[in-house]
Amino acid sequence: MEIRKGIAVSPGIAIARPMVIDSKDYRIPRRSILPSQRAEEVKRVRKAFAGAIAELTALEAAQGIEEGKIKDIFAVHLRFLRDKSLRKRITDFVQGEWTTAEYAVSATLREIASHFAGKDDPYIRERATDFYDMEKRLLTQLLGKVREDVEHLTKEVVIVAHDLTPTQTAGFNKTFVKGIATEAGGRTSHTAIVARSLGIPAVVALEEIAASITTESTVIIDGNRGVVVIDPDEETINEYQRYVSELSQFEHRLYKIKDEPAVTRDGITVSLLGNIEFQDEAELVKESGGEGIGLYRTEFLYLYGDSEPTEQDHYEAYAHAVRTFETKPVVIRTMDLGADKYPHSRPHAVESNPVLGLRSIRFCLQNLTMFKNQLHAILRASALGDIQIMFPLISNLQELRQAKMVLRDVMEDLDEYGVPYNPDVPVGIMIETPSAALTASLLAADCDFFSIGTNDLVQYTLAVDRANEHVSTLYSAADPAVLSLLRNVIHDANKAKIGLSICGEVASDPEFIMLLLGMGVRTLSLAPPMIPEIKQIVRSVTLRECNHLARKVATMDSQRQIKNYLRDAAIKILPEAF
Ligand code: PEP
Ligand code: MG
């Protein structure tokens, strides 16, 4: 049994066999074996070679490949794989160095590849790629995983990977994918956000976990405590089974209050809205007791398929959301592409700092046809209910004015063709950069509402990549710098009498709810599965105690002190959530 600690990003427990995907960039760590295990590892090497040869031969036959480059590549790979001296070099490595088959394959083939890569002759240099390819093929055999299997699952698994894109995660079939464990990522990475929305337990930032797992392992993913257990003993499995049943009783209790109002014990009403990425999540928000949509991440419409969504695709998605909520608000964020979200259909320039680059509203303002297409659809849908438009990553007033000018252009087009829309559609912005937070009073004069995107705001304020596991301990919304910006934005929004909500992940974090209420926030938008739990917290506190807590936090000078204080207070309110 091996216990690994990572970062809990999506609650719940999963116990299943693992499926490791995307082994291509694994750095296989050196793992020693006992002398008595060498024979078994040598057998695994031989089996991997046999499997790789069979796979390549079948591939060649199945695709009916004609003479040409691909056939040549297959032939070269097959020749090397059948070459006994290569196999012997690897099995000698296992015997002499006492390492796992995976490490011996990786170390040997990488050594050969780098030898070829250093040659002057371009033909010989190209051979390096063949060896990297063969390494990947053999590792796939050893680690027993093929990506295609994810699409054709027939039994429950937990997915283990170095990293996953938000699109990959969103494509998982929830019936079979019961949990996720990745080596990369942070609490607010988009992959984590998607896992949370889908309700799949997930733990990230697990150093080199993929190489520690074999297909025969059993894996427990504990998305509440951020722990992964590999090959648990019987006692641990029993303990987790008890824990799962306690959690399900807790969830059952929470769902009973889902249609009750989110009102504090001293009568302050809080609006709880849902964050969604996909059309069918609108129902999920409703079923979880959400009163509308506070953040529709519409860029997910672009992350599938080989072509961009048409104006009609956009319209249907938004019309569906607004019909689900009738007169309740549906805040549509215009596409937030770039950084870690790129459409398949559009080649993009490689940027050295994509998070600081052409992303979000900046991308829209440079791709006006695409932007106007979306605005056209949002405006059309605005005739159906309470649609509100939100621009992401506004970092100065000029950007907001430009975006609004484009919106006015689109309104004029609709006027010209007599297409109905709501001319008074509320227009708001996300506050996600320190520059926006510091100039909130200027921005407030030009828009109808703010929604604070703490995921990016923390990243930009603290200069910590939200998806980088190596700096995840530095990433915290409890940092006094972040809290000071939040206070500023809340103050300026109230002074200008415009709407204010929080839609970053802090809104679904039980530890932050009392603080946010005490700071004056009355609208939270969060992942649908978390709504009942957050409602329970709201219903268990008084504004008086929240105000007291917020005042106390304002006197504290360190992230750690604040975090501990918030945690202790939240545990007293809802111990089951921890
Ligand atoms: C945020 O940055 O807080 C936010 C809600 O937007 P996203 O997570 O999609 O970047
Ligand atoms: Mg953001």
Side-chain angles (χ1 to χ4, degrees), residues 9-10 165-167 169-170 185-198 202 204 272-278 281 285 290 293-303 331-343 354-364 388-395 399 428-437 440 449-468 475-479 482-483 485-486 489-490 500-509 512 516 521 523-528 530 534:
V9 296
S10 180
T165 65
T167 325
T169 313
R187 187 173 151 75
T188 64
S189 60
H190 282 101
T191 302
I193 289 170
V194 173
R196 205 148 43 238
S197 278
L198 294 173
V204 303
L272 296 182
L273 310 171
N275 289 351
I276 68 167
E277 289 79 38
F278 311 104
E281 281 178 292
V285 175
I293 293 170
L295 168 66
Y296 193 153
R297 290 186 166 100
T298 62
E299 60 279 5
F300 278 80
L301 283 165
Y302 292 83
L303 301 183
V331 180
I332 306 215
R333 170 172 84 181
T334 57
M335 57 186 148
D336 187 23
L337 289 167
D340 60 343
K341 293 175 286 192
Y342 294 101
V355 170
L356 301 179
L358 188 62
R359 66 167 289 206
S360 204
I361 194 69
R362 304 166 184 179
F363 173 86
C364 290
Q388 309 188 5
I389 298 178
M390 177 157 80
F391 298 125
L393 206 80
I394 292 288
S395 52
E399 234 165 24
I429 62 171
M430 292 193 67
I431 302 285
E432 302 184 274
T433 63
S435 64
F449 64 90
F450 288 159
S451 189
I452 308 180
T454 48
N455 305 339
D456 275 316
L457 186 61
V458 173
Q459 157 166 273
Y460 292 122
T461 305
L462 304 179
V464 179
D465 181 345
R466 62 194 261 190
N468 182 339
Y475 182 97
S476 171
D479 192 284
V482 175
L483 297 181
L485 290 179
L486 289 187
V489 177
I490 296 165
L500 175 103
S501 68
I502 303 243
C503 63
E505 295 309 299
V506 291
S508 60
D509 187 338
F512 276 87
L516 296 177
V521 178
T523 304
L524 301 170
S525 188
L526 54 148
M530 293 300 294
I534 299 305

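In this text, all values refer to a predicted model and were calculated from it rather than measured experimentally. Note that these values count all heavy atoms, side chains included, but never hydrogens, waters or copies made by symmetry. Along the sequence shown, residues are numbered consecutively beginning with 1. Atoms within a ligand are numbered from 1 in the order they appear, just like the ligands themselves.
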Is ligand 1 under 4.0 Å from a heavy atom in the side chain of [X], in the backbone, in both, or in neither?
{"X": "Thr454", "answer": "backbone"}
{"X": "Arg297", "answer": "side chain"}
{"X": "Ile193", "answer": "side chain"}

Search all heavy atoms of [X] against all heavy atoms of [Y] and return the closest pair with its distance.
{"X": "Gly294", "Y": "Leu273", "value": "N-CB, 3.6 Å"}
{"X": "Ala440", "Y": "Phe450", "value": "O-CZ, 3.3 Å"}
{"X": "Glu281", "Y": "Asn275", "value": "OE2-O, 4.5 Å"}
{"X": "Tyr342", "Y": "Pro354", "value": "OH-CB, 3.5 Å"}
{"X": "Thr454", "Y": "Tyr475", "value": "O-OH, 3.8 Å"}

When you check the gap from the basic side-chain N to the acidic O, do Asp336 and Arg297 get nearer than 4.0 Å?
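Salt bridge flag = no for Arg297 with Asp336.
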Charged N-O contact under 4.0 Å between Asp456 and Arg359
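Result for this pair is yes, salt bridge flagged.
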Return yes when at least one N/O/S atom of Asp336 is nearer than 2.8 Å to the Mg ion (ligand 2), and no when none is.
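Checking Asp336: none of its N, O or S atoms is under 2.8 Å.
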Nearest N/O/S atom of Glu432 with respect to the Mg ion (ligand 2), by atom name, please.
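Of all N, O or S atoms in Glu432, the Mg ion (ligand 2) lies closest to OE2.
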So which N/O/S atom does Asp456 have closest to the Mg ion (ligand 2)?
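Looking only at N, O and S atoms of Asp456, the one nearest the Mg ion (ligand 2) is named OD2.
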Considering non-hydrogen atoms of the protein only, which is the closest contact for atom 7 (P) of ligand 1, and what is the distance?
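For this ligand atom, the closest protein heavy atom is His190 NE2, 3.3 Å.
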What is the closest protein heavy atom to atom 2 (O) of ligand 1, and at what distance does it sit?
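Going atom by atom, the protein heavy atom closest to atom 2 (O) of ligand 1 ends up being Glu432 OE2, 2.8 Å.
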Do any heavy atoms of [X] fall under 4.0 Å from ligand 1?
{"X": "Arg333", "value": "yes"}
{"X": "Arg466", "value": "yes"}
{"X": "Lys341", "value": "yes"}

Cys503, any N or O under 3.5 Å of ligand 1 N or O:
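Not met; the criterion fails.
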N/O separation below 3.5 Å, Arg359 to ligand 1
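Between Arg359 and ligand 1, no N or O pair is found under 3.5 Å apart.
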Under a 4.0 angstrom heavy-atom cut-off, which atoms of ligand 1 come close to Leu295?
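Checking each atom against Leu295, I get 5 (C).
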Quick check on contacts: which atoms of ligand 1 are under 4.0 angstrom from a heavy atom of Met430?
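Those qualifying, in numeric order: 4 (C), 5 (C), 6 (O).
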Polar contact flag, side-chain donor to acceptor under 3.5 angstrom, Thr433-Ser435
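Yes - a donor-acceptor pair under 3.5 Å links their side chains.
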Among side-chain atoms of Ser395 and Tyr460, is any donor-acceptor pair under 3.5 angstrom?
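Note: Ser395 and Tyr460 side chains miss the donor-acceptor criterion.
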Is Glu432 reaching over with its side chain to a backbone N or O of Leu393, donor-acceptor style, under 3.5 angstrom?
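Yes.
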